[in-house]
Each structure stands twice: as C-alpha cells, then as structure tokens.
Number of protein chains: 2
Amino acid sequence: MAQKVTITDVARHAKVSRQTVSNVLNTPGLVREDTRRRVLEAVETLGYRASQAARQMRTGRSRLIATRIEPTRDDIDGTVYDRFLHGLTESAAEAGYRVLLYTADDDQSEIATIDDLLAAYEPDAFVLTDTHHGDVRTSWLAGRRLPFVTFGRPWGMPEGPSHPWVDVDGAAGTAAATRHLLDAGHRRIGFIGWPPGSGVGDDRRAGWARTLAAAGVDPAGLDRASDGGVAAGEALARDLLDADRPATALLCVSDSLALGALHAARSPGAGGRANGGAGMPIAVIGFDDTSAARAMGLTSLSQPLAEAAACCVALLARALDGAGVIGEANGGAFDEARSGAGLGAHGPVATPVGTETSRSPGSTMAPTAPGGPPAQVLLQPSLVVRRSA
Amino acid sequence: MAQKVTITDVARHAKVSRQTVSNVLNTPGLVREDTRRRVLEAVETLGYRASQAARQMRTGRSRLIATRIEPTRDDIDGTVYDRFLHGLTESAAEAGYRVLLYTADDDQSEIATIDDLLAAYEPDAFVLTDTHHGDVRTSWLAGRRLPFVTFGRPWGMPEGPSHPWVDVDGAAGTAAATRHLLDAGHRRIGFIGWPPGSGVGDDRRAGWARTLAAAGVDPAGLDRASDGGVAAGEALARDLLDADRPATALLCVSDSLALGALHAARSPGAGGRANGGAGMPIAVIGFDDTSAARAMGLTSLSQPLAEAAACCVALLARALDGAGVIGEANGGAFDEARSGAGLGAHGPVATPVGTETSRSPGSTMAPTAPGGPPAQVLLQPSLVVRRSA
DNA sequence: GTGAAAGCGCTAACAA
DNA sequence: TTGTTAGCGCTTTCAC
C-alpha cells in the first residue's frame, strides 16, 4: 500500500502551513511565487494528491459523474451505448471527473438507485441515456435541482426551456440516407422502423417520409415496423420486396433490422421481381454503424458518440464549474458541441459521404440559456457508404 | 437537492446517541433489541444512508471497485469486455460495491492512472482485464499488496501461487468445437488464430491442436494466423480452402475472423473443391458469441461473462470483507465459481450443445489459498450451434 | 448496553 | 501573504 501522503506532510516538507498548501492548490493567485513553487515542488516530490473523501466532506463536491450501464442486452443495437460510455469516461477524465456506474431495470428503480447514490457517494451530476416519452427520471432530477444531462431529447415534453441535453439528429440522418438512395436512382424506398410511439424511431421515420415527400414520391405501402431484431428485419424486408409495388431499397431504423433486411435482399431472386429481372441489387441502409454493419458491408448512419459524450461532459462542466473553465477543462469539446448544434457547420466527418448539414425542421431547439450558448446540442450523424448501398 | 440526513438526525429522532446509531448499523449485536428497532425505524423514516465520504475517512474503505474501460475499439471483438462490465456492475452492486471507471492506453499509463485513483478515491480493489505476457500491472499491484483480481490468467508467469484470477477455459472451448466438427464428419479442420505469443490465442489454438492429435488427424498446413479482423479472416479462409488439401471446416479464434471466414465459405464455389463438388458446406465456428455472430448465424463459443464478473466480485469480496460474508453478499455467485473451477460440474449451459466438461490439461491451476477455496477460477465456455456448423 | 471524546484530511472563514 | 481555528459525518477507542 502506497504510503498515504497528506497535506500536512507537504506543508512540513515545504515549511509552510497546511492552509498555504491548500491555497497553492485551490487558489494559486493568493500565494507568492516562490512559496508557490516550493510547495509545488514538495507536492511533486512526495507525490501528493488530495484525498477526494476529505475534500468532499468539506466542499460537498465529489467530482463523480454517475451513469447507468444497461443490463446486458446481447443484441447488436445495445453496443451503441457502450461506445458512448467509452467517450464519456475519457471526456470526464479530461475534465477532472470520474464515472461511477450503476444499473437499473426501469425508470423507477433507476430513480431509487440515484437516490441511494446521492446519499452515499454524492455524485456531482448524472448522465441519463435512453430518454423516452413520459420519462419520470428527468422530472425527478429537475425537481430536486440536481445537475444532469441527457443523451437523448426530452421526447414529448412541451416546447420551451428544458434540461440540458445532447442528441443526434436522427431525422437528418435518415433524410440524408434517403437522398442518397434517391440520387442512386431509387424511387420505391421502403422504411423498416420501430412501432410508432418511440421518440427516436418516429424521428428517424420522419426524416425518411419528409425527404420522400420533397421528392414527390408517395410513401404509401412502403412503411413497416417492428421492435424485433434480425429475424424481424428479414421478414419485413421480404414483405416489402414481395409487395405489389416492391421496394428497391430499404432504409432501416437500426442495424439489427437492417442486417435482417440485408439477408433478405441478398438472398437469391430478391432483386429479381423488383428490378424487372436484372436490375440493380436491392439497397439496404442501417442505423448506428455497429461493428456488425462494418463486418457485413452494410451502409449505415454513424452517430458521433464520442462527440456526444464530450458535449455531455462540457455541459455538465459548465453547470458545475461555472463558465470560463470549460475551454481549458475539456480540450475545446464544447466548441464542437456548439458548431454541431445549428450554426451551419457540422461535426467531424471521416466518411466517404457527407452529412446532412441543414438543421432538421422538426427538431426541437430550446432557447439559449441566459448568458451562454445553448444547453441543447444536436449533432449530425454521417452516412458510411459500403457495399449494401 | 434532497435534504442531507446525518447520523445526528437519526440519533435525535430515535432519542439515542450518535454512536448507538452507528452501532446499530455496523455492530448490531451490541445493541438491545428494542433500541435497535427504534433506531432502524428512524433510519427508515428519515431515509438515512451513511455518507461514504465520511465513512471512508474513518475506515479507509471506499466500497469502490475500479476497472478500466477500453478505448473505443469499433471492432466486433471489443464488445466482449463491455458485456463483462455489465455483469461486473451488477454483481458489485449486489455485494455493496460500486464500479468506478477509468481509461488508459497502455500498461504504463494504466499504472499511473491507478496510482492517481488510489490517492484520490482510494478504491478498495481493482479488476484488471486483458492480461498478457509480461504484464507489469499485476506485479505493480501485487508489490503494493493492493487487492485486485484479473479477468484473464497470469500468462507466462511461473507456476505456483499467484494473484486471484478468473478466466474462461479457451482451450476447452476450442477442443469442444473441434470435437463437434469431428463428430460431424470433418477431418481437415483449419484453425485461424492470432499470431503466436498471445496467451489467449495460443491457449485456444492448443485446444484445437490437442483434439486433432487425439483423433489422429495431422494438423500440418491447417494453421493460419493474423491479428486482423474480418478482411483478414476472409483472406486466410480462402487460403485454407484453396490449399492442396483444402480444409472442410474452419475454427476461428474470434468472431471477427470467423465472420470473414464465413463470407469466404459461403461465397459461390467455396465448398466445391473441398467436398468434391457437391459435399456438405464449409463449416465455420467463431469465438465469443457476439451479436454479429448471432445475426449471421455463426456458430460460436460463448463465454460466461456474467459469471466471470460475479466470480471476480466474489473473490474480491472474500479478500475485502473477510470470509463468511460471501454467501450472503453476492447471492451465491462464489459457489458457481467453485463449481466451474474444476470440481467436475460445469456452469449454466443454455445452449443446444453441451460444454467441454473436463479440465483442460494445459491450464494452470494454482494451489488453493490456505483455508479457503481456490482464488483461481476457470470457467467453461459453451458452444452455441447455428447454421454455420 | 450506551454515551462522551477524538480524529480521519481537507478547506472556508477569520486572525495575524 | 501566511497561519490558526473550526468542523464536514462518521466510527473507534474508552468510560460509564
């Protein structure tokens, strides 16, 4: 066990009082240059790092950000949040925070867990994921004035100022994908989505419908939905491909559905009917750019998850550490956040095809917070084109 | 912000002194029944939960377990650790611990981060993953007598007592898979592995080689290796299928390589040569049973990751909380650990095909700790059979 | 069986 | 500018 070095040791070594050491660390401006240097040298020599527990007792701040890790879902789509978590841990570390994990099966048990956590570990903030209609977690947290950000919009909430959130513009993504398919000559572009009522699913469907409408294409009979996985995707794809006016391209709300669709599309004879026997192959596009999509050559919409995580941390840092600290603390992640939010620029794109740059008309954009950039950030997904489209 | 309820509030409410409350919570045996009940009632009413920070200052225990989350790898194989992490968080919670996350790019920076964490948050223990030859992290931790478990054997260490570890018997898995292929009539079973020198990869290859040898099959020319992903798997598979004596089945060290191999195996004409024009299709088996494998109908070896995580927590709980508490604290996970470790029974199998039950001869099994079950646990993977084999 | 006192390491307020 | 004092909430002696 490494010897515990306390502030007293440092003070003794630097021949100053304990408080001076504390000042050097927390309020460097108050301390004379040479004293400061001597103290820092002692800190370095002794390898001193302040005890969070002691600091927390005094300041009430734990420098902990808590977030939920979903119960093990072995499906393809579950990996998305894991990637977000990677980014969150990295960004948090850069901002001087650590990530504390918890699990919960539903909203109510999550609230209970948050309550426990609050009493025991006092995390400074929470990052909530998977927001949905009638989300009781956000109102619970907001009611207690606890700092939090959601990765996901406050679906179904009345317009106007809300809690800080970061999200990816799904509608813009599916719009870009639809346009990509239109540009490739497709007209009958089917959509395989989730059943209506899911904020994310409806948003993604809207981008497809809107783009089809703008191109003068009637979407009638091209819309299917399921909350299943690969098998469901395959079945719905077959249904769309066997319809009276069969689809020639399939846009899917998730990679798991898309992989099923891809299987149907690549199966012998699938393209036959739709394209008059020898036309182009059925195009398939998924959503999330999972590793499975990559492996299967599935074109997919990629969410900037690391950026989203960085924005979450930036938003929290702003709320927790006050304005002005943000730029240094997180390596400029917040600037990225702003640029993606609706200033015309779009985030880093490292893919063959550009992103949808225009803001999605249907998306909510709450007014800016007084005296600062918006606390609502909408990032743009990018289309990663592979063999399947 | 929820009103903070301190032990003083509880004491006042129950009309006892502060440490009587503390006694009720920490040493219930010392307190008279009715006093105890009154105090617990007050705790309930007020919703009191002890502050970890304050408790930690006094006891030196944080009830935090720290583990690394790998930098975002968008490959298929990276999802394995994520699933382990889900389980770890759940099991830790059941044992009264929370999981604290950190990131690091290599062993040295991980050690530095651990050192930082130790000074600041004082985690009670660490869970290390991805152990490898010449792992400096374990010796660093062991040298400081810090409690830790690894998920992964201490590859390349001299036999004998070592630190506590939990691992999955890869060789037994590939042996079972090989036997499955032999039973199906295959003789020329190729292996696509990682380059020699990786403990995990070599172990998995050994299970294949040993089983082939036991069946009297000459493995010459059937062994390939790469540290690449899907594309590499496809290339190596083609190589094996185009050889003078082509393979009729392919066993792969990872799902990403296997998915590539599957693509090669399913491509038109692949089975032709090997099976004399019209034989059975090329069989492919992967490792890790990832979501991509499931989606693609790839037969794969499934690691009991949740059990592994539970064993890690059980081992830590034993070291931290002392013997005797384990049974209650973690819901019997430790018993599972023992049974999987070499007592003849095998872990839960929810798959069509049974697991390899016999202990792998090549695997290390350090002596039991004095006065307790072994601190080394070897779990068995199970073969999940799908279309590909 | 219960209560009083001390102190973990830190920092905010105040004194010098 | 630096040092002193006090106390965050808890548990571990030690009296009673």
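A/F148 and A/H163 have tilted rings, their planes meeting at an angle from 30° to 60° on a 0 to 90° scale.
Protein chain B touches strand DNA chain C; the 5'-most and 3'-most nucleotides with an atom under 4.0 angstrom of its non-hydrogen atoms are C/dG1 to C/dG9.
Here D/dG9 is the nucleotide among D/dT11, D/dG9, D/dG7 with the atom lying nearest to any side-chain atom of B/M57. Among the nucleotides D/dG9, D/dC10, D/dT4, the one closest to any side-chain atom of A/S17 is D/dT4. Checking D/dT12, D/dT1, D/dA6 against every side-chain atom of A/R18, the shortest atom distance belongs to D/dA6.
At a threshold of 4.0 angstrom between heavy atoms, the contacts of B/A53 with the nucleic acid are absent.
Rounded to whole angstrom, the span from the NZ atom of A/K15 across to the C1' atom of D/dG3 amounts to 17 Å. Atom CD1 of B/I7 is separated from atom C1' of D/dC8 by 14 Å (rounded to the nearest Å). B/N23 has its CG atom 14 Å from the P atom of D/dC10, to the nearest Å. Rounded to an integer number of Å, the gap from B/K4 NZ to D/dG7 C1' is 13 Å. Rounded to a whole Å, the OH atom of A/Y121 is 22 Å from the P atom of D/dC8. Following rounding to the nearest Å, B/R61 (CZ) and D/dT12 (C1') show an atom-to-atom distance of 16 Å. B/Q19 places its CD atom 15 Å from the P atom of D/dA15, with the value rounded to the nearest Å. Distance CG (A/L118) to P (D/dG9): 15 Å, rounded to an integer number of Å.
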Inset, instruction - Applying salt bridge (charged side-chain N to carboxylate O under 4.0 Å, His left out), run through A/E33 and A/R37 and close with a yes or a no. - result: CA-CA 6 Å; A/E33 178 59 20; A/R37 196 141 48 199; 3.5 Å; yes
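Side-chain contact check for A/V31 versus A/V39: every heavy-atom pair is 4.5 Å or farther apart. Using a 4.5 Å heavy-atom threshold, the side chains of A/R137 and A/I114 count as separate. Taking 4.5 Å as the limit, some side-chain heavy atom of A/L88 sits within range of a side-chain heavy atom of A/V313. For the pair A/D115 and A/W140, the minimum side-chain heavy-atom distance is below 4.5 Å.
Under 3.5 Å, the side chains of A/Y121 and A/Q56 contain no donor-acceptor pair of N or O atoms.
Stacking of A/R63 on the aromatic ring of A/Y97 is recorded, both the 6.0 Å distance cut-off and the 45° axial limit being met.
Of the two residues near DNA chain C, B/D34 and B/R58, the one whose nearest nucleotide lies more 5' is B/D34.
Axis angle across the helix from C/dG1-D/dC16 to C/dA16-D/dT1, with five pairs used at each end and values rounded to 10°: 40°.
A/T20 has no side-chain polar atom (N or O) that falls below the 4.0 Å cut-off from OP1 or OP2 of D/dT2.
Taking 4.0 Å as the cut-off between side-chain N and carboxylate O, A/R61 and A/D321 count as a salt-bridged pair.
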